[in-house]
Enquirer: 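Below is one structure. I have some questions about it.
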Amino acid sequence: MTTPRTTTPRTTTPRAKATGAAADGQQQDRAAPDDAWLEEVADGVFAYVQPDGGWCLNNAGLVVSGGRAALVDTAATETRARRLREAVRGVTAAPPGVLVNTHFHGDHTFGNFVFPEALVVGHERTRSEALAAGLHLTGLWPDVRWGALELAPPALTYRDGVTLHVGDVRVEVLHPGPAHTTDDSVVWLPEQKVLFTGDVVMAGVTPFCAMGSVSGSLAVLDRLRALGARTVVPGHGPVAGPEVFDATESYLRWVRTTARQGLAERLTPMQVARACDLGEFAGLRDSERLLPNLRRAYAEEQGAAPGAPLDIGELFAEMIEFHGRLPTCRA
């Protein structure tokens, strides 16, 4: 298989750690909710980072200005969402009036209900996909203490983009095209040069395009670079600079090249994945995502449009077979 080239994402030092005790019954190999922290990445702009960024351990964002606040995404479990609320109230007396979801996945949306004061905003497909998926994610990992979750999908939806004004801060919510999913949003603060990417970009974590597009992700990365961000808050993993785009692109181009080689040799995605040398990408968390990423790349090389539906249940089952066990949900 093709040997990938090396790139290294930048990491930053956390500034303010959230407080609170871990939920009862958390498995020892899972990060506790109080391991998360708020990191101020610009004046009044915060990243809420949940280490180690593995399955269901996403990041969120907070913008505070002029006595108003807006949140970007929430968290997977009730306990983690309430810890996020505590952290937010630690830096602003005003609860968020707006909550933007970057896509429909439960780790980014299940905690919406913990912020009842907020108007939830998202792409029109984020609402429809969230309603269709419901709490399905909880059934994939039934041993996780999800809590008393309540669905709170976006109440205000947009198609191409919408601009929010949080005090003096201009917040642009953009739909860049199919990438991680078909309903991705990114949140761009043009004056602060801060970009919240959702799961379109992850730092130190394997990209995941099973519900979106490999080719679409590469096109979206070009659009994100053109914004000129200085600080990138990925959907999972540490806060980074724009070089994280290069790391993501490198992996996705390698996946596409590997898929093309596999097709030329008439190998299945499973055969390719099992024979694959991850090289520099072996250090990325959740490497088992290689198989569904290859399946997506195979489909596109065979003519499928970016974001064309695949059987996600089948892909997840194949990933478990490839991995040899159910991937560990870190929530």
Side-chain angles (χ1 to χ4, degrees), residues 7-12 39-49 53 58-65 70-73 98-103 108 121-126 154 157-205 207-209 212-253 306-307:
T7 53
T8 304
R10 177 178 69 91
T11 59
T12 56
E39 179 176 333
E40 190 167 24
V41 296
D43 188 20
V45 181
F46 300 84
Y48 185 74
V49 180
N58 64 298
N59 298 331
L62 176 67
V63 179
V64 179
S65 176
L71 196 61
V72 180
D73 286 332
V98 177
L99 194 171
V100 179
N101 284 147
T102 59
H103 59 292
H108 296 257
V121 177
H123 188 263
E124 58 189 10
R125 285 186 59 84
T126 300
T157 63
Y158 77 94
R159 181 165 298 173
D160 298 315
V162 64
T163 299
L164 310 173
H165 296 272
V166 183
D168 295 330
V169 178
R170 179 183 177 91
V171 179
E172 298 180 2
V173 184
L174 309 170
H175 173 56
H180 174 64
T181 66
T182 59
D183 65 290
D184 293 315
S185 294
V186 298
V187 179
W188 169 233
L189 280 57
E191 294 181 4
Q192 292 76 14
K193 302 295 183 184
V194 175
L195 179 66
F196 295 89
T197 68
D199 287 358
V200 173
V201 174
M202 306 186 203
V205 180
F208 190 48
C209 302
S213 172
V214 174
S215 61
S217 292
L218 291 168
V220 165
L221 286 169
D222 287 339
R223 297 187 190 110
L224 298 187
R225 279 195 189 92
L227 293 174
R230 288 195 298 262
T231 302
V232 179
V233 181
H236 295 251
V239 176
E243 66 275 4
V244 75
F245 300 142
D246 297 335
T248 303
E249 179 182 2
S250 180
Y251 175 85
L252 293 173
R253 288 195 180 280

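Just so it is clear, the model here is predicted, and its values are computed rather than measured.
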Enquirer: I'd like to know if the side chain of Ser65 and the backbone of Asp168 have a donor-acceptor N/O pair within less than 3.5 Å.
Expert: yes
Enquirer: Please find the pair of heavy atoms, one from Pro190 and one from Arg170, that lie closest to each other, and give the distance.
Expert: CD-O, 3.5 Å
Enquirer: Please list, chain by chain and in numerical order, all residues satisfying salt bridge (Lys or Arg N to Asp or Glu O under 4.0 Å) with Arg223, sequence neighbours excluded.
Expert: none
Enquirer: With sequence neighbours left out, what residues match Val100 under side chain to side chain contact (heavy atoms under 4.5 Å, CB included)?
Expert: Val98, Val121, Leu164, Val173, Val187
Enquirer: With rounding to the nearest 0.5 Å, note down the distance linking NE2 in His123 to CG in Asp160.
Expert: 7.0 Å
Enquirer: Please report the closest heavy-atom contact between Pro234 and Val201, naming both atoms and the distance.
Expert: CB-O, 3.3 Å
Enquirer: As a test of understanding, state which of Leu227, Val186, Thr163 forms a side-chain contact (heavy atoms from CB on, under 4.5 Å) with Glu172.
Expert: Thr163
Enquirer: For Asn59, what residues pass the side-chain hydrogen bond (donor to acceptor under 3.5 Å, both in side chains) criterion, not counting sequence neighbours?
Expert: none
Enquirer: Roughly how far, to the nearest 0.5 Å, is the CG atom of Asp199 from the NE2 atom of His236?
Expert: 3.5 Å
Enquirer: Any idea how His103 and His108 line up, ring-wise: parallel (<30°), tilted (30 to 60°), or perpendicular (>60°)?
Expert: tilted
Enquirer: How far does CZ of Arg225 sit from CG of Leu195, to the nearest 0.5 angstrom?
Expert: 12.5 Å
Enquirer: Grab the two heavy atoms, one from Lys193 and one from Gly228, that are nearest each other, plus how far apart they are.
Expert: CD-O, 3.6 Å
Enquirer: Please determine whether side-chain contact (heavy atoms from CB on, under 4.5 Å) holds for the pair Glu191 and Val169, giving the CA-CA distance in whole Å, both sets of side-chain angles, and the decisive distance to 0.1 Å.
Expert: CA-CA 8 Å; Glu191 294 181 4; Val169 178; over 6 Å; no
Enquirer: Taking only residues two or more places apart in sequence or in another chain, which ones pass side-chain hydrogen bond (donor to acceptor under 3.5 Å, both in side chains) with Ser217?
Expert: none
Enquirer: Suppose we screen for side-chain hydrogen bond (donor to acceptor under 3.5 Å, both in side chains). Which residues come up paired with Thr197, at least two apart in sequence or across chains?
Expert: none
Enquirer: Kindly write out the residues that satisfy side-chain hydrogen bond (donor to acceptor under 3.5 Å, both in side chains) with Thr182, not counting sequence neighbours, or none if the list is empty.
Expert: Arg125
Enquirer: Rounded to the nearest 0.5 Å, what's the gap from CG on Leu174 to CH2 on Trp188? Could you check?
Expert: 9.5 Å
Enquirer: Check whether any side-chain heavy atom of Leu218 lies under 4.5 Å from a side-chain heavy atom of Glu249, and answer yes or no.
Expert: yes
Enquirer: What pair of heavy atoms forms the shortest contact from Val233 to Ala47, and how long is it?
Expert: CG1-CB, 3.8 Å
Enquirer: Say whether, by atom type as modelled, one donor and one acceptor occur between the side chain of Asp184 and the main chain of Thr181 under 3.5 angstrom.
Expert: yes
Enquirer: Show, in sequence, the C-alpha distance, side-chain angles and deciding distance for Val45 and Phe196, and conclude whether the side-chain contact (heavy atoms from CB on, under 4.5 Å) test is met.
Expert: CA-CA 11 Å; Val45 181; Phe196 295 89; 3.9 Å; yes
Enquirer: How far apart are the closest heavy atoms of Val64 and Phe46, and which atoms are they?
Expert: CG2-CE1, 4.4 Å
Enquirer: Provide the closest heavy-atom pair for Pro306 versus Ser213 in the form atom of the first, atom of the second, distance.
Expert: CB-OG, 3.3 Å
Enquirer: For the side chain to side chain donor-acceptor pair (under 3.5 Å) test, which of Thr126, Asp73, Asn58, Asp183 pairs with Thr102?
Expert: Asp73
Enquirer: Please work out whether the ring planes of Phe208 and His180 are parallel, tilted or perpendicular, with thresholds of 30° and 60°.
Expert: tilted
